[in-house]
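The block underneath contains the structure these notes are about, expressed in structure tokens.
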Amino acid sequence: TPSQIESLEWMNSNLPPGFVLSTKDHGFLIHHISKNLAVQEDFSSLGPVSKYDLNNIYYSRYLNTTRELLKRYNVSYIWITEDMKKSDVWYDDQQGLLFLLRNNKTFKPVYKDESKVEIWEVSWVTRHFRIIDKSNESVEELLANS
């Protein structure tokens, strides 16, 4: 759809390269437009993703399990379409990954188009630290200023 293409063009222009989790049907579209590789059942940075792991990513409500699997397959982004939310993958926003996306320490929404397409960044990709160069200050001064 036009909104899907627009979201992938936005991804290509605004986000650092990374692996994108979505359904198998979207793999070619993701790669062709966003220039990122899609993590799906038959491909990841580490080889094929097992159906078991993919089902755990999509349907588990255990944050630690999902987080570890996303790390294992080097997932940087999650690309979700309206069809995925309404029947292709989930049928309820309380299911698995859709429920876990509420955890803002692990997932950050970076794109949303009137609920038709969403892009989420996995937080382990994002840096959570500041670089401080105050070589003339003592450790106590640095800690006091943080």
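Start at 1 with the first residue, then count along the sequence. Everything quoted here is computed from the prediction, not taken from an experiment.
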Inset, instruction - Show your working on side-chain contact (heavy atoms from CB on, under 4.5 Å) between Tyr111 and Glu6 and close with a plain yes or no. - result: CA-CA 11 Å; Tyr111 183 94; Glu6 185 177 319; 3.8 Å; yes

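- Here Ile80 contributes atom CD1 and His26 contributes atom NE2; the two are 11.0 Å apart, rounded to the nearest 0.5 Å.
- Here the CD1 atom belonging to Ile78 is positioned 9.0 Å from the OH atom belonging to Tyr58, to the nearest 0.5 angstrom.
- For the pair Ser60 (side chain) and Thr66 (backbone), a donor-acceptor distance under 3.5 Å is absent.
- Tested against Trp79 for a side chain to side chain donor-acceptor pair (under 3.5 Å), the candidates Ser7, Ser34, Ser22 yield a single pass: Ser7.
- A side chain to side chain contact (heavy atoms under 4.5 Å, CB included) with Leu8 is found for exactly one of Asn36, Val117, Ile30, namely Ile30.
- When the salt bridge (charged side-chain N to carboxylate O under 4.0 Å, His left out) test is applied to Lys35, no partner is found at least two apart in sequence or on another chain.
- Across all their heavy atoms, Ala38 and Gly27 have their closest contact at CB-CA, 3.7 Å.
- Interatomic distance, Lys71 NZ to Ser76 OG, rounded to the nearest 0.5 Å: 12.5 Å.
- Contact annotation: the side chain of Asn74 never approaches that of Val39 to less than 4.5 Å [non-hydrogen atoms, C-beta and beyond].
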Please tabulate, for side-chain N and O atoms in residues 12-21, each donor-acceptor pair with protein atoms closer than 3.5 Å (sequence neighbours left out).
residue: Ser13; atom: OG; partner: Glu9; partner atom: O; Å: 3.2
residue: Asn14; atom: ND2; partner: Trp10; partner atom: O; Å: 2.9

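- For residues 53-65, every residue pair satisfying the salt bridge (Lys or Arg N to Asp or Glu O under 4.0 Å) rule, not counting sequence neighbours, is listed here: Asp53-Arg72.
- Rounded to the nearest 0.5 Å, atoms OH (Tyr52) and CD1 (Ile57) are 11.5 Å apart.
- Checked against side-chain contact (heavy atoms from CB on, under 4.5 Å), Asp83 has the following partners two or more places apart in sequence or in another chain: Thr81, Asp88.
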Side-chain donor-acceptor pairs of residues 94-103 under 3.5 Å, sequence neighbours excluded:
residue: Gln95; atom: OE1; partner: Tyr91; partner atom: N; Å: 2.8
residue: Gln95; atom: OE1; partner: Asp92; partner atom: N; Å: 3.4
residue: Asn103; atom: OD1; partner: Lys105; partner atom: N; Å: 3.0
residue: Asn103; atom: OD1; partner: Thr106; partner atom: N; Å: 3.0
residue: Asn103; atom: OD1; partner: Thr106; partner atom: OG1; Å: 3.2

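- Atoms CD and NZ, on Glu118 and Lys112 in that order, are 4.5 Å from each other to the nearest 0.5 Å.
- If you chain together hydrophobic residues whose side chains sit under 4.5 Å apart, Tyr59 and Tyr62 never meet in one group.
- For the side-chain contact (heavy atoms from CB on, under 4.5 Å) test, residues two or more places apart in sequence or in another chain that qualify with Thr1 are Ser3, Gln4.
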